[in-house]
2 protein chains.
Amino acid sequence: MFKKILIAEDFQDTNKGIANTLENKLQAEHIQEELYCDNAFNRIKVAHNDGEPFDLLVTDLSFQEGPVERRLKSGKDLIGAIRKLDSNIKIIVNSMVDNPMEINSLFKDYKINGYVCKGRNSLNELVMAIQETLQNRTYVSPQINLNTSNQVLELDSYDLFILQNLSEGLTKKEISQKLKEEKISPSSESTIDKKVGRLFDKFGAKNTHHLIAKLVKLGKI
Amino acid sequence: MFKKILIAEDFQDTNKGIANTLENKLQAEHIQEELYCDNAFNRIKVAHNDGEPFDLLVTDLSFQEGPVERRLKSGKDLIGAIRKLDSNIKIIVNSMVDNPMEINSLFKDYKINGYVCKGRNSLNELVMAIQETLQNRTYVSPQINLNTSNQVLELDSYDLFILQNLSEGLTKKEISQKLKEEKISPSSESTIDKKVGRLFDKFGAKNTHHLIAKLVKLGKI
DNA sequence: CTAAACTTTACGGATTTCCGTAAGGCGGTA
DNA sequence: TACCGCCTTACGGAAATCCGTAAAGTTTAG
């Protein structure tokens, strides 16, 4: 069994529920809980540098903003930072996201080892995911179908990146710049322009205001 | 202390976290967990009819849809059904909602006894809420300000008219036209422009995309 | 009543969005 | 191979946005 496990989850009740279950159902020796991404990262970094690294991270994706400005604001930020440091630590994501494209990208781009979709069986699934991970296999909640992502009204992670940044007030020029900085291709302003234009058709939106309002209401952003 | 407590919360990890904490920190004798509103209601109804009613319900507001069609789909549905049956049971809501208007209506229209906003301290708050409720007092998470906070960020019907039309893809010119047609004053494009600009300051938005995304997320549009 | 403060409106300029055209790249296929 | 369809990118023009200035109207306080 894993010796050192870290749980990153901002809701205290959820965090505690996971920690208790892992203590009871698995024989994990050392379980650490963190409510902020920055704290989680620091703890992993220190342990890594001390030669006593964590074996497993269980993390949420979405973290509420607190009163203080934080460097790592989401589970993705956290995982990205950790993977630069340590490619051995196993990572299981435990989140409400159920978009297959999004989850696929976590496995492909962030090298996570398991994905559990929060729900009425997610604690049991988490235990299963950990057992699979122990044997170097991956785990995905059964209700997620990574293959048949219903093309129709699905957004891939690239679309999501653009839309999220637009909804945070960035211009297409700024988003293009950001993509170049993060070495994500394609990155030209023109391509972003065209992509958004195609999303107008796809979702029946008149313009960007309309599109953002629709997608936020659908919970996609 | 309360003798019979029911927890209605669809996320297994969260549910378990709450149950464990109440067992450890309070001396509750009988804690029951339910993942579906319908099940929670039935259990409360049966206990009530048997003359051994529950003393306390801790419930979430939002419940994921499952494969089967359910009668009670939200915490509000559940509370509404329970209050028709039993006005004595104490109800504490534990949810991510942080809209003061929404929470106010839970106290006023649904006669709840406490409101805890999910977050990094919500388990501790829940324990406090239960202790307050025991003494027939109400509890609300300190970060929620039922009186003031929302005055500042309130939208009048004129603002709402503009924002709703913007979010439906109309331009300021078109909205100006529409106002003139409906004989609502002021109606000039310039005034609309200025009003929206002031809303940027009020809500800390960079531009209209940002503003619309924020307001839809706040449930104001 | 009057001065100060705010609102409505117009206008103009820099920037951005929206959309059409067009050139070049890349993969599939007959 | 040559052709087709799709994606990326550049460019340009019309329309829209964002924001500053300014004049005229309205409200508020003393």
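Below, chains carry the letters A, B, ... as their sequence lines are ordered, and counting in each starts from 1. These numbers were taken from a predicted model, which means no experiment stands behind them. These values consider heavy atoms only, across backbone and side chains, with no hydrogens, waters or symmetry-generated copies.
When rounded to the nearest whole Å, the span between CD1 of A/Ile175 and P of D/dT9 equals 15 Å. Rounded to whole Å, atom C1' of D/dC7 lies 16 Å from atom CG of A/Leu179. In this entry the distance linking CD of A/Glu174 with C1' of D/dC18 reads 13 Å, nearest Å. Taking atom CZ of residue B/Arg198 and atom C1' of nucleotide D/dC19, one finds them 13 Å apart after rounding to whole Å. Going from atom CG of A/Leu211 over to atom P of C/dC19 covers 12 Å, rounded to whole Å. In this structure, A/Tyr158 places its OH atom 13 Å from P of D/dC7, rounding to the nearest Å. In this structure, CD of B/Glu189 is placed 20 Å from P of C/dT7, rounded to the nearest angstrom. Atoms CD1 (B/Ile192) and C1' (C/dT7) sit 14 Å apart, rounded to a whole Å.
Judged by the 6.0 Å distance and 45° axis criteria, B/Arg120 is positioned over the aromatic ring of A/Tyr36.
Comparing B/Thr191 and A/Val196 against DNA chain C, the residue whose closest nucleotide sits nearer the 5' end is B/Thr191.
Taking every side-chain heavy atom of A/Asp193 into account, C/dC19 is the closest of C/dC19, D/dA10, D/dT17.
B/Ser187 comes within 4.0 angstrom of the backbone, heavy atoms only, and of no base. Residue A/Asn207 is in sugar-phosphate contact alone, with no base atom involved, counting any heavy-atom pair closer than 4.0 Å across all strands shown. Within 4.0 Å (heavy atoms only), A/Thr208 reaches sugar-phosphate atoms of the nucleic acid but no base atom. Here A/Thr171 lies in heavy-atom contact (under 4.0 Å) with sugar-phosphate atoms only. Using a 4.0 Å heavy-atom criterion, one finds that A/Lys195 contacts the sugar-phosphate atoms exclusively.
The residues B/Glu9 and B/Lys118 are annotated as salt-bridged, a charged nitrogen and a carboxylate oxygen being separated by less than 4.0 angstrom. With respect to the salt-bridge test (charged N to carboxylate O, under 4.0 angstrom), the residues A/Asp55 and A/Lys3 do not qualify.
More than 12 heavy atoms of other shown residues, nucleotides or ligands fall within 6.0 angstrom of atom NZ in A/Lys220. More than 12 heavy atoms of other residues, nucleotides or ligands sit less than 6.0 Å from atom NZ of B/Lys180. Annotation for A/Met96: atom CE does not count as buried by contact number, only 12 or fewer foreign heavy atoms lying within 6.0 Å.
Taking the side chain as every heavy atom from C-beta outward, A/Ile92 and A/Ile130 approach each other to under 4.5 Å. Between A/Asp156 and A/Leu160 the shortest side-chain heavy-atom distance does not fall below 4.5 Å.
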Write down the protein N/O and nucleotide N/O pairs, taken from nucleotides 21-23 of chain D, whose separation is under 3.5 Å; answer none if there are no such pairs.
from, atom 1, to, atom 2, distance (Å)
D/dT21, O4, B/Lys194, NZ, 3.4

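For the pair A/Ser190 and D/dC11, the criterion of a side-chain N or O lying under 4.0 Å from OP1 or OP2 is not met. Proximity of B/Lys172 to the phosphate of D/dA15: no side-chain N or O atom is located under 4.0 Å from OP1 or OP2. Side-chain N/O atoms of B/Ser188 include one lying less than 4.0 angstrom from OP1 or OP2 on C/dT9.
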